[in-house]
Undergrad: 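The following block contains the structure, expressed as structure tokens.
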Number of protein chains: 2
Amino acid sequence: MSDLSTTSDEILASARTLIMSGGYNGFSYADIAEVVGIRKASIHHHFPSKVDLVRELVKQYREVGVAGVAILEQNVSNPLDILRAYAGHWAKCIEDSSRPFCVCALLASELPSLPPEVAKEVTAFFRFISSWLTSVMERGAEEKTLNLSSEPGVEAEAFLATVYGAMLSARAYGNGEVFATILAPTLNRLSPVATH
Amino acid sequence: MSDLSTTSDEILASARTLIMSGGYNGFSYADIAEVVGIRKASIHHHFPSKVDLVRELVKQYREVGVAGVAILEQNVSNPLDILRAYAGHWAKCIEDSSRPFCVCALLASELPSLPPEVAKEVTAFFRFISSWLTSVMERGAEEKTLNLSSEPGVEAEAFLATVYGAMLSARAYGNGEVFATILAPTLNRLSPVATH
DNA sequence: GACGCTCTGCCTACTAGAAGGTAGAAGGAG
DNA sequence: CTCCTTCTACCTTCTAGTAGGCAGAGCGTC
């Protein structure tokens, strides 16, 4: 609890990395055991079943996201800068290969075949990101600091789709720079002093 | 070969459906055997290994895509209408649940953990769609029938990202209409007589 | 301070079932 | 007769998950 890195944290971290590369069915307890350096059975001590493990992982992933967004909102007030920071976060993750894909994006694509408990958490993540982006768009519309051509909710969904689609393209081409290339015109279009 | 539906076609079709829902590691030969109504071993007669099966599946998927694009280009000349038709194709697939996700989108997200032979075909699919969309954007720029704010290649990547991102969102929310909602403003923005 | 108790974390050893894959026989059509 | 397809029966390896044991930490009681 007070440790910097407990065994269960290490299990969650390695599971996250493994899911990021191959999804829910793309890893096994044996894979985690090898990375963490314990036996398979010991993982069951911390997470009785695979569903427990991934449900907890996605839940924590969302909580970290909520906290990150709160900090971002505290430090940056301009809606456009917030969107830039959000896109920049992913651009950095992809380009330095540290977290080259969103766990929930991968799980969402497998959604129909996911255990319902996990699917529920993944859906909750998307609803959170979506409602947050909508609130950013709404403020930008009020303050006229964002140049919207549709309803804030629609703009939020479109922006999210672009971010996640760009993530996929970067992976498909094996080229991280693609992400920033796609996001640049999208952010530029949202700028009230667009330069096109 | 001359049959409307050979066994190997049925195997490929059921594999496609299964991959669409859970990806490469989300289905087994046993699953296909059950759907097609033959034994596991009979699948190995047509496709010696799982890699052979999925490689062939993606290859055919791309060939069908190439043919579909050719027919589309023959029947529709206006670049904007071509993009509308492409988006409409996916909107229809998603909304009637017939093919609610692109096989290659799902496989691309799992790319790092895919057998290299399959990964190669998936990458080739993305390169094909990308270069086709770029050619559509280029013609739209020349004819001034598309309103581009960036280079045709960048617009093509951004459009593709939006389509695939919207596909993911529709799945994440379990709501097919989200796709059309996201694509509408994107297509409107590309229109030379945009109404915003 | 030594004794016993319980809890935690990890272990070895195991299970049943599913995975991909193989060998070889049976059946049917040309 | 031969080719093609499908079958039964099997193999090996991997899967998630279980049973039970063992060492150490914490803690209260005598």
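The chains referred to below are lettered A, B, ... by the order of the sequence lines, with proteins before strands, and numbering in each begins at 1.
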Undergrad: To the nearest Å, give me how far apart CZ (B/Arg39) and C1' (D/dC10) are.
TA: 15 Å
Undergrad: Report the distance from atom CD1 of A/Ile43 to atom C1' of C/dT12, rounded to the nearest whole Å.
TA: 15 Å
Undergrad: Got more than 12 heavy atoms from elsewhere within 6.0 Å of CD, B/Gln60?
TA: yes
Undergrad: Distance check needed: C/dT8 P versus A/Ile38 CD1, whole Å only.
TA: 17 Å
Undergrad: Taking the side chain as every heavy atom from C-beta outward, state whether B/Glu155 and B/Leu83 have any pair of such atoms under 4.5 Å apart.
TA: no
Undergrad: Nearest whole angstrom, please: distance from the C1' of D/dC14 to the CD1 of A/Ile32.
TA: 15 Å
Undergrad: Between D/dT8, C/dA19, C/dC10, which nucleotide gets closest to the side-chain atoms of A/Thr7?
TA: C/dC10
Undergrad: Should B/Leu114 and B/Val54 count as side-chain neighbours, where that means a heavy-atom distance under 4.5 Å?
TA: no
Undergrad: Please verify the inter-ring angle class for B/Trp90 with B/Tyr164; under 30° counts as parallel, over 60° as perpendicular, anything in between as tilted.
TA: perpendicular
Undergrad: Think A/Ser42 has a side-chain N or O under 4.0 angstrom from the OP1 or OP2 of C/dG9?
TA: no
Undergrad: Measure the distance from CG on B/Asp52 to P on C/dG20 and round it to the nearest whole Å.
TA: 13 Å
Undergrad: Report yes or no: is the cationic atom of A/Lys50 (NZ for Lys, CZ for Arg) closer than 6.0 Å to the six-membered ring centre of A/Phe27, at no more than 45° off its axis?
TA: yes
Undergrad: Less than 3.5 Å apart, any donor N or O on the side chain of B/Asn188 or B/Ser191 sitting next to an acceptor on the other?
TA: no
Undergrad: Got a list of protein N/O to nucleotides 21-28 of chain C N/O distances below 3.5 Å?
TA:
| unit_1 | atom_1 | unit_2 | atom_2 | d |
| --- | --- | --- | --- | --- |
| C/dG21 | OP2 | B/Lys50 | N | 2.8 |
| C/dG21 | N7 | B/His44 | NE2 | 3.3 |
| C/dG21 | O6 | B/Lys40 | NZ | 3.4 |

Undergrad: Does B/His45 put a side-chain nitrogen or oxygen below 4.0 Å from OP1 or OP2 of D/dT6?
TA: no
Undergrad: Mind calculating the distance between NE2 (A/His46) and P (D/dA16) to the nearest angstrom?
TA: 17 Å
Undergrad: Once you round it to whole Å, what is the distance between P of C/dA19 and CG of B/Leu18?
TA: 11 Å
